[in-house]
Amino acid sequence: MDELENRRLQDLRSKIDEIDTELLRLFEARMETVIEVAEYKILNSINILDESRENKVLQKIEQVKNKDLAKTAEEFLKAVMSISKGVQAERFFRPETGSWQVIPEIEEESKIEEPGKCVSGNVIGFQGIPGSYSEQALKEYFGEGKNTKNYVNFEDVFQALAAEEIDYGVLPLENSFTGGIADVYDLLCRFGFYIVGEKCIQIDHNLLAVKGTKLEDIREVCSHTQGFQQSSNFLRKHPEWSQATCSNTAVSAKKVADAGSKALASIASRRAAELYGLDILAEKINNNPANFTRFIIIGRKPELRSACNKISLVVAISHEPGSLYRVLSHFARNGLNMMKIESRPMTDKTWEYLFYIDFEGNLNNRVVKKAVEGIEKESAYFQMLGNYPLDKQDR
Ligand SMILES: O=C(O)C(=O)C[C@]1(C(=O)O)C=C[C@@H](O)C=C1
C-alpha cells in the first residue's frame, strides 16, 4: 500500500470513528428511551411487543436517499428494534413469574391517590374477621367506614388482589418480638405486588373467656401462633392448658364465644372481647409490654409519591465470596440508611437465601436510584417491593 492509499484509508477510518461516536450517542439515547417506554407500558399494563408500531418504524426506510441501501436499512432498523426489545426484557422481564416488573420511578406524583385517602369505591382486604389486629391496622391506616372484605388466609388476600376483587390488602409483616412473618414475605415474592404503605400498631394480648369464667375453669387456650409466641411467659405459668391454633386471634375469640364453654379461652384483642361479648380474665399478657406489629398495605401497582421515604426490596445473591458485601456496599457508598435485613430460605433451592432489605430513601432521588441500580446489577435475583411512607412508630 503506497503512502497515498494509506492516508486515504486512515481518513476513511477516522470518518467511521466519527460516525460510530455519533451512532453510539444515538444508540444510548434510543436504549434509554425504550427503557422509559417499557416502564410506561408495564405501569399501564400495555404489551411490550407492538407489531403495528414496529411496521411504522420500518416505514422510515423511505427516508433513505440511496435506494440501494433500502433493504439493508430495513435490516438495520429490525436489528435495532430487536436489540431494544432485548434491553427491555433484560431489564424488566422476570422469567420465573413470566411477568414484567418495573422499578417504580416514572409514575407521575400528581396522578397517584394516597392510599390513605383512597377513593370511596376502593375495597380493602384483610385476613381474619372483625376484631383482628389486621382490621385494627386497616382502620388506623385508611380511617373508619371504608369498604372492607375479610379473608380466611393470607394467600386469599393476595388472590383477591390479583382477581381485582379488592384494591388494597392489609397484612402483618413482622412483630417486634417474634420477627418476620414468613408466609407473608413468601407471598409478596410470589405474587409480585407492591408495598404502598405501612402501619405499626401496638399489640396488647388479653386472655378472654365467656362471662363468669375463672382461670381454674380453663382447659384449652386458642389463638394464632403469633398470639401464643408473644404470650409464652404467661402461658408457661399454666402448663395444664392445651393449645389450639386458629387462623387468626379474632377467630379464636369467636370460637370461644360460639362454644360458650368455660373450659375454653382465647388470646386476642380487647376489641375482639367487646365484639364477641367475652370477659377479659388477664390483660396485656404479652411478654414484651412494647409489643408492636408492622402491617403493610399492598397494591397491584407501585405508588411513588414525594412522601415515600422507605424502600423495601428483595435480592438473592450468588454463592461467591464477598457477594453480600458487594450488595450492601451500595448503601454505605451512597450514604443510605439501611433499616433492616432479613434472610429467608429460597423455597426451591436448599441452603440458598433471599435477603429482604429495608432502607430509607425515595426512588426519584438520583443517589437512591443509582444505589438500587447497583444492587440490581450485583444480585442474582432482584425484586422491588415498594417505596412508601415510613410509619414513625416503626423506629
Ligand atoms: O414503541 C414501543 O412501543 C417500544 O416498545 C419500542 C419498540 C422499538 O424498539 O422501537 C420496541 C418494541 C415494540 O415492539 C415496538 C417498538
Side-chain angles (χ1 to χ4, degrees), residues 16-113 162 164 191-194 196 299-305 311 313-314 362-366 368-387:
I16 285 177
D17 284 341
E18 276 172 33
I19 295 168
D20 284 349
T21 303
E22 185 68 358
L23 269 179
L24 282 174
R25 191 184 60 77
L26 293 171
F27 174 80
E28 228 181 310
R30 190 180 210 280
M31 293 308 133
E32 279 163 10
T33 312
V34 296
I35 283 171
E36 284 189 44
V37 171
E39 284 172 338
Y40 177 88
K41 285 183 167 180
I42 296 159
L43 284 170
N44 292 286
S45 308
I46 303 169
N47 277 347
I48 295 287
L49 178 69
D50 184 337
E51 277 168 325
S52 73
R53 168 67 188 158
E54 291 195 12
N55 289 335
K56 261 207 183 110
V57 172
L58 292 175
Q59 279 168 20
K60 288 186 199 126
I61 55 164
E62 285 163 18
Q63 296 168 16
V64 176
K65 291 191 195 85
N66 182 346
K67 294 300 163 207
D68 293 344
L69 289 174
K71 194 82 208 107
T72 36
E74 187 179 337
E75 278 166 24
F76 174 71
L77 279 181
K78 277 185 181 163
V80 167
M81 285 194 287
S82 163
I83 292 167
S84 299
K85 283 182 283 186
V87 166
Q88 290 174 324
E90 194 178 280
R91 184 119 173 187
F92 301 115
F93 192 67
R94 294 162 55 218
E96 63 285 355
T97 60
S99 64
W100 295 82
Q101 165 134 1
V102 66
I103 296 174
E105 60 188 19
I106 55 105
E107 186 95 354
E108 281 170 40
E109 282 191 20
S110 56
K111 282 202 296 194
I112 301 164
E113 284 277 353
E164 302 192 15
F191 280 81
F193 292 141
Y194 293 91
V196 299
R300 281 184 293 275
K301 286 184 179 175
E303 299 190 4
L304 186 55
R305 287 161 278 136
I311 297 170
L313 52 82
V314 57
N362 183 290
L363 283 169
N364 274 330
N365 178 297
R366 200 179 43 80
V368 173
K369 226 187 271 187
K370 200 174 115 211
V372 170
E373 279 166 7
I375 293 164
E376 188 179 0
K377 275 195 200 115
E378 219 83 64
S379 320
Y381 172 82
F382 173 94
Q383 191 176 339
M384 173 56 64
L385 294 179
N387 193 182

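No hydrogens, no waters, no symmetry mates; every other heavy atom, side chains included, goes into these values. Atoms within a ligand are numbered from 1 in the order they appear, just like the ligands themselves.
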Less than 4.0 Å from some atom of ligand 1, heavy atoms are found in residues Arg30, Val34, Val37, Lys41, Ile48, Leu49, Asp50, Arg53, Glu54, Met81, Ser84, Lys85, Gln88
Here the pair of heavy atoms bringing Asn362 nearest to Asn387 is CA-OD1, 3.4 Å
Heavy-atom closest pair (Val80 atom, Met31 atom, distance to 0.1 Å) is O-CE, 4.3 Å
Taking every heavy atom of Val196 against every heavy atom of Glu303, the minimum-distance pair comes out as CG1-CG, 3.7 Å
query = Can you check whether Val34's main-chain N or O pairs, donor with acceptor, with Gln88's side chain at less than 3.5 Å?
reply = yes
**Request:** Verify the neighbour count for atom NZ of Lys56: are there more than 12 heavy atoms of other residues, nucleotides or ligands below 6.0 Å?
**Result:** no
Residues passing the side chain to side chain donor-acceptor pair (under 3.5 Å) test with Arg366, sequence neighbours excluded, are none
